Amino acid sequence: MAEQFVQSHIRSLALFAQLTPQQIGVIASIVQVLRFDPGQLVVQEGQPTQGMFLFVGGRAILTKRGSNGMEDRMGAVEAGQYTDEAALYSSGIETTSLRIVETAIVLLLPRSAFVQLVSRYPEIRANVRVQSADVTKRETGVKLFKGQRDDETVLHVWRRHWWAVARYGWIALVIALALFVFALVIAGSAPVLALGAAGLAVVIPGAIGMYLYFEWQNDSIVLSDQRIVRIWNQLIGFENTLSEIPLDRVLEVNVTIPPGDPLARLFQYGSVYVRTAGEAANMTLPMMPQPLQVQSSIFTQRDRFRDHLEQHKRDTVRDDVVQALGLAPDQPQQTATAHVSRHDSTIGLPFIRTKFVATNGDLIYRKHSTVWIQGVMLPALAVFASFVVMFLSVLVSAFPLHGVIGIAAGMFLLIISAVWFYFADWDWRNDLFIIG
C-alpha cells in the first residue's frame, strides 16, 4: 500500500513523465515517506544535500540567514511542489533552510540510492527528463542507441543469449592446444621458435575470444514505446545494419524453441519471429534469452501503443470540436521545478584528456594522467626494447641473436608489447566517472 501511495504522487512529476508504470514502480521502491511537525527542519542551510523532496501535504518556508544573523524568508513549498531536484545529480551544500509550518508528509528521493538505481537500469536513466531553465523544454538523458528519437522511451534492451558466442569457444581452445603441443615438440631443437609458438597460443585464442565478445556486445534488440529496432554489426566486414518495425504494424510474434537442441531448453533461449502485413518488413531475432518474456513484452507494448493512437485520435476530434465552438482549451498546470546548470570544460592533452564534455552534455572524468603514464610505461619500454633487439640483430654481428632469429624475436616481442600497450591504454581510457 505504501508503494502504491508513493507511485500515485511521483508519476505526476515532469521528471518522470516518460517512465513506464514498471519503471515508476522501481523508482518508488527507493523513496522514503517522512512526516514532519511544525518547527522541524527538513534541510538546514550549510549542510550537505540529501536528494529531492516532494511535499504530499503540509507547508514549509525557505529561509536564509542574513548578515545580521536573522533568518530572511525566501519562499514557500506547499503540497504538490518539490525542491532540491539538482541534488539528484550532484552533491552540494544547502543554500537555504526548509522549516515546516504545517504538519507535512514528505517523500524523499535520496541521491545515493537514485544514482545506484539508474546505473543498474540504463533505460530509466535514458528516459528521465532533466528540467531546463524553461519548464516547457526538456533535455533527454543519454540515448541508448544511434537513431533514438528525442520523444522515444526505451523500455527494453536485449542481446542474444551468451551461448550464441560461447558455443564457438572450442575454436580458440583447439588453436591454443595445438600451438602448445607444437611448442613442446620443438622445445629441445628450436627453443626460440617454441617460445614464439607458446606466446601465440595465448595471443591468438585471446584475440578470438575478444572478437567473439565484441561481436556479441555490439548486437542488440531495442523495444521502445514506438517501435522494435534490431541493431546488427559485423566487425570483420565493417557492416552495420539497423532495421525497425513500428509497433502499430506488428501482427504476430511467434516463438520457436529448437526441438533438436537440448541446450535451448537448458539455457532457455529460442528464436522470436515478428510478423507484419508485408514479408519484406518481417524480423527474426535468433537465440534470444527468455523468448516467451520477449514475446509478452512486445505484445503488451503493441497494445499500449494502439490504445495511445486511439486516444490521440479522440483528443484530436475533441480539440477540433472545442475550436469549432470557440471554447478555450484546458491549460495544464505546472509544478515547481529546479534547474541544473552545466559548465563546459576540458582538461588534459587531446589524447589523454582527464576531463571533457561529451556530445550529449555529460561531464566525463578519467583518472589522472600520471595513472596512464604508469600503466603504459612498461609496455612502451617493451616496444622500445623490441626495436633495439631487431636493430642489434641486423647491425651487430657479436649480438647473441644476430640474424633471422634476432629479427623474429624482436617482431614477437613487438607484437606482445603492442597488445600489452593497447590493453593498458584501453583500461585507463574506459575507466570513467560520468555526471549526467
Side-chain angles (χ1 to χ4, degrees), residues 2-36 41-44 47-56 60 62 77 79-96 98 104-133 135 138-144 148 152-157 225 335-343 357-358 360-365 431-436:
E3 189 167 315
Q4 294 179 357
F5 170 78
V6 173
Q7 292 185 37
S8 65
H9 288 88
I10 66 173
R11 66 165 49 99
S12 62
L13 295 176
L15 179 67
F16 304 134
Q18 298 298 320
L19 296 186
T20 64
Q22 293 79 8
Q23 294 169 347
I24 289 290
V26 174
I27 295 289
S29 65
I30 64 172
V31 173
Q32 301 176 16
V33 182
L34 307 176
R35 182 181 185 277
F36 294 95
L41 287 174
V42 179
V43 299
Q44 186 173 0
Q47 296 298 315
T49 56
Q50 304 175 50
M52 187 179 73
F53 295 89
L54 169 64
F55 274 67
V56 176
L62 292 164
V77 182
Q81 297 180 328
Y82 58 89
T83 183
D84 272 10
E85 181 189 352
L88 291 177
Y89 320 118
S90 61
S91 59
I93 301 297
E94 296 288 355
T95 58
T96 59
L98 185 60
I105 301 297
V106 181
L107 304 182
L108 168 61
L109 180 55
R111 178 180 61 254
S112 57
F114 181 73
V115 170
Q116 294 178 7
L117 186 143
V118 297
S119 65
R120 290 176 53 197
Y121 301 94
E123 59 270 23
I124 292 181
R125 178 171 183 257
N127 296 330
V128 167
R129 286 341 189 220
V130 178
Q131 290 297 309
S132 63
V135 297
R138 297 174 187 159
E139 57 179 0
T140 60
V142 173
K143 295 187 176 181
L144 295 185
Q148 181 179 347
E152 188 172 20
T153 301
V154 174
L155 305 175
H156 297 281
V157 179
D225 60 343
T335 59
T337 60
H339 308 295
V340 177
S341 61
R342 298 183 185 268
H343 302 280
V357 178
N360 58 16
D362 284 354
L363 184 60
I364 301 178
Y365 290 89
D431 192 1
L432 307 175
F433 179 77
I434 303 175
I435 301 178

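Being a predicted model, the structure only gives us computed values, none of them experimental. FYI, the numbering just counts along the sequence from 1.
- A 4.5 Å side-chain heavy-atom check between I93 and Q47 finds every atom pair outside the cut-off.
- For the pair V106/F36, a side-chain contact is recorded, criterion being any heavy-atom separation below 4.5 Å from C-beta on.
- Here the shortest heavy-atom pairing between V6 and A28 reads CG1-CB, 3.8 Å.
- In this structure V56 satisfies the side chain to side chain contact (heavy atoms under 4.5 Å, CB included) test together with F5, H9, I105, L107, sequence neighbours excluded.
- Separating the CD1 atom in I24 from the OG atom in S12 is a distance of 9.0 Å, to the nearest 0.5 Å.
- Every residue two or more places apart in sequence or in another chain that forms a salt bridge (charged side-chain N to carboxylate O under 4.0 Å, His left out) with R35 is listed here: D37.
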TODO: Test L108 against V31 for side-chain contact (heavy atoms from CB on, under 4.5 Å), laying out the working first.
DONE: CA-CA 6 Å; L108 168 61; V31 173; 6.0 Å; no
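- Rounded to the nearest 0.5 Å, atoms OG (S29) and CD (Q7) are 9.0 Å apart.
- The side chain to side chain contact (heavy atoms under 4.5 Å, CB included) check on Q22 picks up T20, R304, with sequence neighbours excluded.
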- [ ] Take F114 and I124 through the side-chain contact (heavy atoms from CB on, under 4.5 Å) test and state the conclusion after the steps.
- [x] CA-CA 10 Å; F114 181 73; I124 292 181; 5.6 Å; no
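- Of the inter-residue distances, the one linking Y121 atom OH with I27 atom CD1 reads 10.0 Å to the nearest 0.5 angstrom.
- Considering only heavy atoms from C-beta on, Q32 comes within 4.5 Å of P110 through its side chain.
- Nearest heavy atom pair, residue Q50 against residue E94, reads N-OE2, 4.4 Å.
- Listed by chain and number, the residues in a side chain to side chain contact (heavy atoms under 4.5 Å, CB included) with A79 amount to none (sequence neighbours excluded).
- When all heavy atoms of F16 and I10 are compared, the closest pair comes out as CD1-O, 3.6 Å.
- Here T49 pairs with R111 under the side chain to side chain donor-acceptor pair (under 3.5 Å) rule; sequence neighbours left out.
- Rounding to the nearest 0.5 angstrom, the gap separating the CG atom in L62 from the OG1 atom in T95 is 8.5 Å.
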Open item on the list: Go through it in stages, so that I can follow the logic: the residues are V43 and F53, the test is side-chain contact (heavy atoms from CB on, under 4.5 Å), and I'd like the CA-CA distance, side-chain angles, deciding distance and then a yes or no.
Closed with: CA-CA 10 Å; V43 299; F53 295 89; 3.4 Å; yes
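- Under the side chain to side chain contact (heavy atoms under 4.5 Å, CB included) criterion, L41 pairs with Q44, S97, R99, not counting sequence neighbours.
- Between L109 and I30, the closest side-chain pair of non-hydrogen atoms falls below 4.5 Å.
- Counting heavy atoms from C-beta on, the side chains of L15 and M52 come closer than 4.5 Å.
- If you take OH on Y82 and CG on L13, they are separated by 6.0 Å, rounding to the nearest 0.5 Å.
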